[in-house]
Each structure stands twice: as structure tokens, then as C-alpha cells.
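For reference, the structure is listed below as C-alpha cells.
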Amino acid sequence: MKFESKTVHAGDRKKTGTFIPVTTPIYTAASYFYDSMDQLDRVFGREEQGPSYARYDNPTTSALEDLLNELEGGHGALACASGMSAIHMALLAALLDRPKRVVAANALYGATTNLLMNILSPLGVEASFIDICDLDAVEQAVAETKPGALIIETISNPLLRVGAMDKIAEIAKRASAALVVDNTFATPMLLRPLELGANIVVHSATKYLAGHGDVLGGVVVADQEHIQTIKTLSRTMGPVMSPFEGYLTMRGIKTLALRMERQCSNACKVASWLAAHPRVERVHFTGDPAHPDFATITRLFPKNLYGAMVAFELKGAGRDEVFRFMERLKMIVRATSLGDVHTMMLYPAMASHRDLAPKQRHRLGIHDNLVRISIGIEAAEDIIADLEGALV
Ligand SMILES: Cc1ncc(COP(=O)(O)O)c(C=O)c1O
């Protein structure tokens, strides 16, 4: 099946007794009953498939895991309570039998950086941060630190830089390190990291996968080497997604292809319009031929599906001017998330990158005049009209 057909069918229609539900229902049971103790014994021993206890598995979230595994092309998946719990599980699984050292992108989502610096580091995991768009820097950091894992994001936040993932995967493989990729911004519709040599893919399902602003969830999809470790860790640590969130995420994914097509196409229109506006100093967009990583983007992404995030800098503006501009928006929602059907705008210096010292933010290119838009599925004309009204 093609990607679009998989989003609608994969994971569904598991036989339960004599009937087969067309779409997977919400199973809320915490534990499961079998006719014979011998069968329960086989289920507990994992010789026979079936749910036994909700921390181990659940039919609703298992269906979602099958669906995501199909979409990412893995050897198994784990649905988690949040994107952050998924990232935690992925890093633990990658490092369990390897040196406790991580080479990480210097432009990771803030909480991922916090996880490395403030939780894993006191437990003995050393992390070094580098610019993953500079392959020499990746090569050098790997040679110098001999890491157990590398962690990168497909599209960085908020400046939307794209590293050459296939080449980074080769460097990781040569060093016997696991490559963990956060694919939240791209989704498997745009890029499938496991096909490019990554070992573990993670998502904040809260974003494009669920897509409607009503789910908190995460997912890990892994290769054969890591999936069993992830499942075993999960059975003990219990970071699992609730069946209700699993149901909503699965329902959301059925329209992922339609939403992404529309959101990517809207993003192209909005980015071109912004680039021509006299109050806009600079636009950051993965579909812009002048983007510093455009050669990598066109090599790795499908044609015209370059992502639906746009960042831009307001000419001569500081924090106050940006705040007033954002308050003038009428339809675009000022909110701290992304990937939903509605267009959302965020001010990175106040939200995602608030914890960085101003000097460090500026060094990363995140200036006080930068805003980030997650483009939704509305009519592009309405998104543009709202920006035009606010850019006075
Ligand atoms: C790229 C990325 N990864 C991970 C996360 C964390 O996901 P969650 O909020 O679902 O824990 C986020 C949240 O914004 C994100 O943007």
C-alpha cells in the first residue's frame, strides 16, 4: 500500500471474538481475562499474542503502534504518554549497552536539551552539542567523544535547519553509535529516518500525527536491534499512552496525508508572501531555494513537501513590537504548540527558548524579532490576510 492508504487502514480491523470492528475502539480495561490459565500463562510468557495488563499492552494503543510502525518502516513501536517520555525511552534504550556519551544537535527542542543536561548528565551521561549541518563537526565530535548515541531532529526548531541525516547515520554506524531522530516536524510522510540509516525514531504525537490540538502523546519506532529493549524498559517503567489518546491519535493519522499536503502548500504561499513584505527582514523556510540546506532538503524530501513551519524576523522589531504584532492577529492562534489544523504562532525567545541566556539565543540565531508559525489547513488567503492586518 502507498503511504496515504496505510494512514487509513494499517493497524485497524483486528479480530476480537466473532466480529471485527472497522475502526479500532477504545479499550479501557486495565487487565484481561482468558478462558484457561494455560492460555494466560502463554500470554504472560509472550508465546501467544494478547493483552494481559495495561502497562504491558492495550489493544487500542497496540493498533496505533502497528500503524506507526508501518508508516515509519520499523520493527516495532511503542506509544508513549508524551513526546518527552518517548525521547527518554529512546535514549535509555540506545545507551543501555553502550558508552554513556551522547553527541546531540545544538538546536534540539528545549526539554530534550534539559533531559540531557539536567537529568541524564547527573546520572553520568556526558553530552556534547554540535551543529549537525556541519558534517565535519559531527565527524570530529564522534571521533573525539566516542558516543553511544547521537540525537538529532529532522527539521530544527525554530530556524528550520536540516542536517544530512543519511550521512550522519553513516558516521554513527561507523562508530557503532545509535542514531536517534526526532521526526516530529517532518512526519513519516516527508521523511522516514529508519530508511536513511537511523536506529530509533521518536515523535511528539501531540503535533502533526494527532493534528487537532487535543492529544498529548509520543511514539518510538525502532529497528530490530532496539525494539525489544524499548518494550522491556516500558514494561518496567510504564511510560505508556492512554487508550483514549491512542484512539484520537489513530483517528488523526487517517487524515495526516491530506493535512500535510495542504499545510505544506499553504506554507509555501505564506513564506513567499512574507518574503516580499517590507516589514519582514528575513524568512526561514525549508521550501525556499535560498535556504542554506536546500540541496539536502531536495535530496531527502519529496518534491513540494518541504514542511509546514515558517519562521520570520520582523524588521527593526524588539520584544514589545513583536508582542503588539502578535496581539493584532485575529485568526492565527498565539499558542505554544505546532502541527495542528489551525495556524499557530509562537515567540521562541519567550516560549521554546526562554531558558537560554540572551547571548546564547543570539549565538544560535534566535533574535528578539523572530517569530515561528505552524501553518494550518485554513485557506492560505485567510492566513495571509491575518498577517497583513497585523503587520501594520
Ligand atoms: C520537536 C519536539 N520534540 C519533542 C517535543 C515534546 O513533545 P511533548 O510535548 O508531546 O512531550 C516537542 C514539543 O513541543 C517538540 O517540538
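Both counts, for ligands and for their atoms, begin at 1 and track the order of listing. The residues of the chain are indexed from 1 along the displayed sequence. Only heavy atoms go into these numbers, but all of them, side chains included; no hydrogens, no water, no symmetry mates.
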* Does one side chain, of T23 or D12, offer a donor that lies under 3.5 Å from an acceptor on the other? -> no

* To do: Can you pull out the closest protein heavy atom to atom 8 (P) of ligand 1? Residue, atom name and distance to 0.1 Å, please.
  => G83 N, 3.4 Å

* **Atom indices of ligand 1, in the order listed, that fall short of 4.0 Å to a heavy atom of I87** => 4 (C)

* Answer yes or no for N157: is there a heavy-atom contact with ligand 1 below 4.0 Å? => no

* Asked: Any chance the side chains of N106 and D131 put a donor and an acceptor closer than 3.5 Å?
  -> no

* Asked: Above 12 or not: heavy atoms from other molecules or residues under 6.0 Å from CD of E47?
  -> yes

* Structure fact -> For D182, the ligand 1 atoms with a heavy-atom partner under 4.0 Å come out as 1 (C), 2 (C), 3 (N), 4 (C)

* Judging by distance only, is a nitrogen or oxygen of M84 under 3.5 angstrom from one on ligand 1? -> yes

* Please determine, by modelled atom types, if D182 and T184 share a side-chain donor-acceptor pair under 3.5 angstrom. => yes

* Counting N and O atoms only, with roles assigned by atom type, does the side chain of D134 sit under 3.5 Å from a partner on the main chain of A137, one being a donor and the other an acceptor? -> yes

* Just which atoms of ligand 1 are under 4.0 Å from any heavy atom in G217? -> 10 (O)

* Asked: If you measure from the Lys or Arg side-chain nitrogens to the Asp or Glu carboxylate oxygens, is any gap between E144 and R101 under 4.0 Å?
  -> no

* ligand 1 and S204, any nitrogen or oxygen pair closer than 3.5 angstrom? -> yes

* Asked: Considering distance alone, does some N or O of L216 sit under 3.5 Å from an N or O of ligand 1?
  -> no

* Asked: With side chains defined as the heavy atoms from C-beta onward, is the minimum distance between P158 and H284 less than 4.5 Å?
  -> no

* **Protein residue, atom and distance nearest to atom 9 (O) of ligand 1, heavy-atom basis** => K207 NZ, 3.9 Å

* For atom 6 (C) of ligand 1, what's the nearest protein heavy atom and its distance? -> Y109 CE2, 3.5 Å

